Amino acid sequence: MAKTNISKKPVKDEAKILQADLDELEWYIDDFSTFLPLAVCTLNPLGIIVNVNKAFEVLTGYSVLDIVREPLSVVFLEKEAVGKMEEKAKQKGISKTELTAISKNGRKIVTTVSIAARKDKKGVFIGYFVAMTDITELKNLQMNLEGQVARKTKELQEKLADLEKFAKLVVGRELKMIELKNKIKEMEKADKI
Amino acid sequence: MIMFDISYLQEEADRLMKIPGVQKGAVLKSHLAAIKERGGTESLAKIEKALSDLGYPLKLQEIKSMREYPEGQTALVSLLCQKLLGYTDEDIFNQAFAASKLSFFGQLVMRTFLSFEQVIKNVSRYWRKHVSVGELECYEFNKKEKFAILRLKKYVFHPVVCLSLAGYFLGMFRYVQPNVKIKETRCAHKGAPFHEFKVTWQ
Ligand SMILES: [Zn+2]
């Protein structure tokens, strides 16, 4: 009897430790998911959203209740591209591209989207991880910079054109002066004769 | 906060909590989270206080998804939603439907299934992972006529649970089948030997 008691105790202790670990893990996942500034979601193998984190809710304006059980394409303007990305991720492991997300209130958000295929321990495909980064500001900055460069180039071109006109004018005057000088010389010669 | 006299529920609460059987905290947690989503922290506080007053305290923040809790507590929560928050039958169904979207454990399981057929044929396994009492089985799966019959045996708590279960089941099925519907066609609280749910889709 004593033997049984001794052998049972460590099992019980181990179960307690495991349970505590599971509690810890849940706490950790919850915390991490809330803290993570990157918008992420999980899709089942059919491309249906099963889970989103806080940053995803903030970025898209969709709550868990709004968006869970919807296909990922709901979030994007380019519906067909999403399906193609999922297919590519399934075949190659990962796919990345730039897509326009449409928030719940209709705002367009330029995003970089990465989709990674998930496999279980046996290598069976079990769905996808999706990460989205808002690059609207970066895009705006890029467009601003491009705009500035274009403006400066135009200004420069205009100045060059002015310079060319001026140069032509100057050269024209010089030619005229040479012509005049030559004429004077000719007249002087004629006078002497 | 408005005070409610809930002493009339004490006997029913004690009865429900004495019925043997445990469930994973994930389901209970998702139900309370759905109550909060629907009616805000005030509704949640009302339910949490009532549970405490009845001697069965439970707080959303403290529930651990993988730990075990009495199965009767889900029935008690649904009953309190009816009595204190004025939930109609439809509200109970919808609250459970929403809860299935918020379930940590549900998401964990549902993210791996590939098809509706696979889900419905695995309901027994899925049920056993969540609840220690009752047996859920897929009695019939008719792919051609697009319906399935689910039977839940040895599970008698409170009629309100039937609505809640139907909502939760439907929520789970919607992860893999968009146009699916559910209806309880026989009920253990109405003389049938089990609860029977007819699931249809297009
Ligand atoms: Zn029933």
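First the proteins, then the strands, lettered A, B, ... as listed; each starts at 1. These figures come from a predicted structure and were not determined experimentally.
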Does a sphere of radius 6.0 Å around [atom1] in [X] hold more than 12 heavy atoms from other residues, nucleotides or ligands, not counting ones at 6.0 Å or beyond?
X: A:K79; atom1: NZ; result: yes
X: B:F147; atom1: CZ; result: yes
X: A:E158; atom1: CD; result: yes
X: A:E155; atom1: CD; result: yes

When rounded to the nearest 0.5 angstrom, what is the spacing between NZ in B:K101 and CG in A:L65?
6.0 Å
How many angstroms lie between OH in B:Y175 and CD in A:E70, if you round to the nearest 0.5 Å?
11.5 Å
Any B:V176 side-chain heavy atom under 4.5 Å of A:L46 side chain
yes
May I ask you to list the residues in residues 149-160 of chain B that approach chain A closer than 4.5 angstrom, counting heavy atoms only, ordered by number?
none
Could you pull out the closest heavy-atom pair between B:G171 and A:R69, with the gap in Å?
O-NH1, 2.7 Å
Give me the one residue out of A:V64, A:N51, A:V68 that meets side chain to side chain contact (heavy atoms under 4.5 Å, CB included) with B:L102.
A:V64
Taking only residues two or more places apart in sequence, or in another chain, which ones meet B:Y87 in a ring pair (Phe, Tyr, Trp, His ring centres under 6.0 Å)?
none
Under 4.5 Å from any heavy atom of chain A, what part of B:F116 do you find: side chain, backbone, both or neither?
neither
